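In what follows, every chain begins at residue 1, and chains take the letters A, B, ... in the order their sequences are listed. The structure displayed is predicted, hence computed values, not measured ones.
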Amino acid sequence: QKEVEQDPGPLSVPEGAIVSLNCTYSNSAFQYFMWYRQYSRKGPELLMYTYSSGNKEDGRFTAQVDKSSKYISLFIRDSQPSDSATYLCAMGLRAAGNKLTFGGGTRVLVKP
Amino acid sequence: GAVVSQHPSWVICKSGTSVKIECRSLDFQATTMFWYRQFPKQSLMLMATSNEGSKATYEQGVEKDKFLINHASLTLSTLTVTSAHPEDSSFYICSASSETQYFGPGTRLLVL
């Protein structure tokens, strides 16, 4: 079993819909959680990061962490074709030199 | 803020030659930088963790004599692929750590 599980997709949604992404993890010691967006042939771009359980909102993006269930989510409201990309969840331990463990990524396609 | 650059963005070389890739944090100091490799439609694979002024820590299965890493300053780390072969062709991405990881745009290496 991988430490971080993420559905590879692809996830296809119509423009304007809510995109819902999630990851589950097995290591309860993880302390901080990130979501990255990666366009084809580009480096990952940090979207959200959080250290605590609960919700964090930034524009159209909401990150949700449930440490008790070892489950994190990312919601994208009012999705646009430009949101079409691969979304990677990542998590880490503060003590590990900020080393991250990544999910496999979910491909998202927002159709106009 | 938190901009990371990589140079070159792509490189083509002949088998047996060495290739150097630079990773710079442009607007912050990074005591730790990371080097990843990514194959098409796959997630990031951590190759090594680089700390300023000390030897890099390589992940299991990564040849340290083949992938030379130097982290001479708080803003610069380099990865040298020595005696490159076609199987080394890949997308190499660095990240710099400042509370969390910020990624460079990646370097596409093609070895003929």
- Taking B:K66 for the side chain and B:T82 for the main chain, is one N or O donor matched with an acceptor at less than 3.5 Å? yes

- Query: Just wondering, are more than 12 heavy atoms of other shown residues or ligands nearer than 6.0 Å to NZ in A:K42?
  - Reply: no

- Is it the backbone or the side chain of B:Q6 that comes under 4.5 Å from a heavy atom of chain A, or both, or neither? neither

- Message: Does the plane of the ring in B:F103 sit parallel, tilted or perpendicular to the ring in B:Y36? Use 30° and 60° as the thresholds.
- Response: tilted

- Report yes or no: does A:D66 contribute a side-chain atom to a donor-acceptor pair with the main-chain N or O of A:S69 at less than 3.5 Å? yes

- If you tally heavy-atom pairs under 4.5 Å against chain A, which of B:I93, B:T57, B:T100 wins? B:T100

- Message: With a 4.5 angstrom heavy-atom cut-off, is it the side chain or the backbone of A:Q38 that approaches chain B, or both, or neither?
- Response: side chain

- Does B:T107 reach the main-chain N or O of B:P8 with its side chain, forming a donor-acceptor pair under 3.5 Å? yes

- Query: Considering heavy atoms only, which positions within residues 51-59 of chain A lie below 4.5 Å of chain B?
  - Reply: A:Y51

- Residue A:L46 versus chain B: region with a heavy atom under 4.5 Å: side chain

- Task: Determine, for A:Y87 and A:R37, whether the Lys NZ or Arg CZ falls below 6.0 Å from the six-membered ring centre while staying within 45 degrees of the axis.
- Result: no

- With chain B, which of A:P44, A:G103, A:A90, A:G104 has the greatest number of heavy-atom pairs at distances under 4.5 Å? A:P44

- Message: Whether the side chain of A:S79 engages the backbone of A:I76 through a donor-acceptor N/O pair (distance < 3.5 Å, no angle test) should be reported.
- Response: no

- Can B:R37 and B:E59 be said to form a salt bridge (Lys or Arg N to Asp or Glu O under 4.0 Å), step by step? CA-CA 12 Å; B:R37 186 172 179 176; B:E59 295 298 303; over 6 Å; no

